[in-house]
Each structure stands twice: as C-alpha cells, then as structure tokens.
Amino acid sequence: MTRLLLQGAQVLTFDALDRRWPVADILVEDGRIAAVGPDLVPPEGPLAVVDARRRLAIPGLINAHLHSPANLMKGLLEGAPLEIFMLYEVPPLAAEADTPEVVRLRTLLGAAEML
C-alpha cells in the first residue's frame with residue numbers, strides 16, 4: 001500500500017457540510033483520500049510525508065499539463081489558428097527565457113482562473 005500524508009495545509013473540502021480547516025492533514029492511501037482533519041495520526045507503516053504548510057488544498061485542482069505563457073496573452077491573438085498562436089506563445093527564436101518571477105506570476109494567474 002502506498003501512503004502519503006500532507007501535513008498542515010489549509011483545506012477547503014467543498015463537501016455537503018462545506019468543511020474548512022485553517023490547518024489540517026490529508027492522508028492518501030493507494031491514490032485515494034482516506035482521511036482529512038487536524039493532527040491526523042496515521043496507522044503504523046511506510047509513509048511519505050509532505051510539508052503542506054502555507055499551501056491550499058482543494059478537491060479537483062489538478063492540471064497535469066499547462067501552457068502558462070498563454071496566461072499573459074489573453075485576447076492578444078483572438079481567433080488565430082493554433083499554429084500561429086503557438087509561435088507567439090513559445091517563440092522558437094526567443095532571445096531569452098522568462099524570469100522566475102514572470103513564470104510564477106503566469107502560473108498563479110492560471111491557477112486563479114481554474115478556481
């Protein structure tokens with residue numbers, strides 16, 4: 001059994017009771033959430049632990065593939081074919097890579113849009 005404990009996240013459940021925890025743990029067993037709550041004490045055995053303090057955990061915010069440069073291009077090429085859009089989004093002859101601050105900003109914008 002693969003087990004993972006996310007510790008100390010701010011958790012919004014969006015369940016029928018709309019439970020929210022400012023600080024809680026999430027226990028994942030075999031790829032499924034087994035328990036959510038403050039100060040979880042998992043059963044004995046192998047366990048990976050992730051420090052999730054200062055992080056927000058909500059159900060459904062999983063995006064395994066994201067083109068974040070497009071988040072700064074909304075409306076720039078309205079109606080352009082995909083091939084043209086991609087030339088602007090990831091220019092093959094770009095002079096330099098974006099700074100880490102720009103990458104973080106465009107990624108956060110995409111995450112906020114998903115919410």
- Message: Hydrophobic cluster membership, with links at side-chain heavy-atom distances under 4.5 Å among I/L/V/M/F/W/Y: are Leu27 and Val11 in one?
- Response: no
- Check for a donor-acceptor pair, side chain of Asp30 on one end and backbone N or O of Thr2 on the other, with a separation under 3.5 Å. yes
- Can you see which heavy atom on Asp25 is nearest to which on Gln7, and at what distance? OD1-CA, 3.2 Å
- Closest non-hydrogen atoms of Glu29 and Ala34, given as atom of the first, atom of the second and distance, are OE1-CB, 3.6 Å
- Might you confirm whether atom CD1 of Ile33 has over 12 heavy atoms from other residues, nucleotides or ligands at distances under 6.0 Å? no
- Could you give all pairs that pass the side-chain hydrogen bond (donor to acceptor under 3.5 Å, both in side chains) test and reach residues 44-60, with sequence neighbours left out? Asp51-Arg53
- What are the two closest heavy atoms between Leu40 and Ala35, and how far apart are they? CD1-O, 3.6 Å
- Could you tell me the separation between the OG1 atom of Thr13 and the CH2 atom of Trp21, rounded to the nearest 0.5 Å? 6.0 Å
- Linking I/L/V/M/F/W/Y whenever any side-chain heavy atoms sit under 4.5 Å apart, do Leu56 and Phe14 land together? yes
- Enter the distance from Ile26:CD1 to Leu5:CG here, rounded to the nearest 0.5 Å. 9.0 Å
- Query: Could you give the distance from CG (Leu82) to CG (Leu77), rounded to the nearest 0.5 Å?
  - Reply: 11.5 Å
- Message: Using 0.5 Å steps for rounding, measure from the CZ atom of Arg19 to the CG atom of Leu12.
- Response: 12.0 Å
Can you give each donor-acceptor pair under 3.5 Å made by side-chain atoms of residues 102-115, sequence neighbours left out, with the distance rounded to 0.1 Å?
{"unit_1": "Arg106", "atom_1": "NE", "unit_2": "Ser68", "atom_2": "OG", "d": "2.6"}
{"unit_1": "Arg106", "atom_1": "NH1", "unit_2": "Asp98", "atom_2": "OD2", "d": "2.4"}
{"unit_1": "Thr107", "atom_1": "OG1", "unit_2": "Val103", "atom_2": "O", "d": "2.8"}

- Can Leu76 be reached from Phe85 by stepping across I, L, V, M, F, W or Y side chains whose heavy atoms are under 4.5 Å apart? yes
- Query: Closest heavy-atom contact between Ala9 and Ala57?
  - Reply: CB-CB, 4.2 Å
